[in-house]
Amino acid sequence: MKILLIEDETFLAESIIEFLTASGFICEWAETFEMGFEKVSLYEYNCVLVDITLPGGSGLQIIEQLKKMKPDAGVIIISAKNSLDDKLTGLDLGADDYITKPFHLSELNARIKSVIRRRNFEGKKEILVNDIRVVPELSQVFVKNQELVLTKKEYEMLLFFLSNINRVLTKESIAEHLWGDDMDMADSFDFIYTHIKNIRKKIIEKGGKDCIHTVYGMGYKLAEEQ
């Protein structure tokens, strides 16, 4: 899952990124209003963490613009202000949650997971598609009640497909979602095919049907059986 943190306090930002990365998230960081505005305009994120007070502008403006372009985006406001007005304004703009500094990183992690589950999977604690069952809180995958052992990237890729059922995903969108800014240095996307091939093989070995299809010239999609 991919997170964008828009926060100008370096020490806090580095602590959040370190904690969330260790928890399995892909994290990107924007230090200013301009950087944050640019990233939400260009890229897709499972959840955006936005500080209200930023160099160059207000985080509330970023939320407003983000919700106009991508209304389904998950948003959590981070602020040193325990202001009811700021909270209500942010929620009115479409933010999912509001957390006031200082806070425990484990609490932020739990809130992020809750927002992602609510936004991507309608609040369900288990995701059921075809022969596949996923328990996001435990990062576990089952095929016909047999646990599927996946690498971290394979798990994240499968979850990305499951949150985009029946939608064609390009190699570029998959790579950018899973590797973030690091993908700017990639020479090719051949490794995407390798990961998908491994996921398909593991699902079939457990008796499941191969539901990840290649859409030639476009990308891949996970099709839900009718």
Side-chain angles (χ1 to χ4, degrees), residues 1-7 16 20 23-30 33 35-52 54 58-79 86-99 108-130 132 134-137 139 155-181 183 211-212 215 218-224:
M1 290 293 176
K2 189 176 172 187
I3 307 296
L4 173 63
L5 171 64
I6 307 175
E7 168 63 61
I16 292 173
L20 294 181
S23 299
F25 292 104
I26 303 296
C27 297
E28 294 184 12
W29 176 26
F33 173 84
M35 290 173 62
F37 194 92
E38 180 181 21
K39 281 186 174 292
V40 300
S41 300
L42 295 176
Y43 305 112
E44 300 280 345
Y45 299 94
N46 295 101
C47 189
V48 180
L49 314 177
V50 186
D51 190 2
I52 291 178
L54 295 166
S58 169
L60 294 174
Q61 293 176 271
I62 294 178
I63 295 170
E64 183 176 19
Q65 182 63 19
L66 172 60
K67 285 297 180 176
K68 286 179 181 178
M69 297 183 297
K70 301 160 188 175
D72 293 331
V75 177
I76 297 177
I77 295 173
I78 297 176
S79 178
D86 285 334
K87 180 176 181 179
L88 293 177
T89 299
L91 295 175
D92 284 343
L93 289 172
D96 297 273
D97 204 348
Y98 186 107
I99 190 167
L108 177 63
N109 188 22
R111 293 194 186 202
I112 291 170
K113 289 180 178 179
S114 177
V115 168
I116 290 174
R117 186 169 63 243
R118 189 163 66 247
R119 284 284 175 182
N120 290 354
F121 306 112
E122 300 176 346
K124 298 174 183 175
K125 292 191 175 181
E126 291 191 353
I127 306 160
L128 299 172
V129 177
N130 303 335
I132 303 168
V134 181
V135 186
E137 289 292 329
S139 298
Y155 172 78
E156 290 293 333
M157 185 178 289
L158 179 60
L159 212 57
F160 188 42
F161 275 112
L162 290 171
S163 64
N164 290 278
I165 290 291
N166 297 319
R167 288 179 57 189
V168 177
L169 302 177
T170 65
K171 291 180 181 179
E172 291 81 4
S173 68
I174 296 170
E176 195 274 327
H177 179 84
L178 296 180
W179 281 270
D181 290 338
M183 284 316 304
C211 53
I212 302 178
V215 182
M218 298 179 66
Y220 303 90
K221 73 173 181 178
L222 194 154
E224 186 174 21

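Residues passing the side chain to side chain donor-acceptor pair (under 3.5 Å) test with S41: none are found, sequence neighbours excluded. For S58, the side-chain contact (heavy atoms from CB on, under 4.5 Å) criterion is met by I52, L60, Q61, not counting sequence neighbours. D92 meets the side-chain contact (heavy atoms from CB on, under 4.5 Å) test with no other residue; sequence neighbours excluded. When the salt bridge (Lys or Arg N to Asp or Glu O under 4.0 Å) test is applied to E7, the partners found at least two apart in sequence or on another chain are K101. Shown here are the ring-ring contact (aromatic ring centres under 6.0 Å, His included) partners of F33, two or more places apart in sequence or in another chain: F37. Taking the side chain to side chain donor-acceptor pair (under 3.5 Å) definition, one finds that D96 meets it with R119, sequence neighbours left out. Applying the side-chain contact (heavy atoms from CB on, under 4.5 Å) criterion to A110, with sequence neighbours excluded, gives no partner residue. Contacts of F25 classified as ring-ring contact (aromatic ring centres under 6.0 Å, His included), with partners at least two apart in sequence or in another chain: none. Applying the side-chain contact (heavy atoms from CB on, under 4.5 Å) criterion to E44, with sequence neighbours excluded, gives K70.
Under the 4.5 Å side-chain criterion, counting only non-hydrogen atoms from C-beta, P136 is in contact with Y155. Side-chain contact between L222 and N130 is present, with at least one heavy-atom pair separated by less than 4.5 Å. Side chains of L158 and V129 form no contact here, defined as non-hydrogen atoms less than 4.5 Å apart.
Taken from CH2 in W29 to CD1 in I16, the straight-line distance is 10.0 Å, to the nearest 0.5 Å.
Checking L20, I99, I6, I77 one by one against L49, the side-chain contact (heavy atoms from CB on, under 4.5 Å) holds for a single residue, L20.
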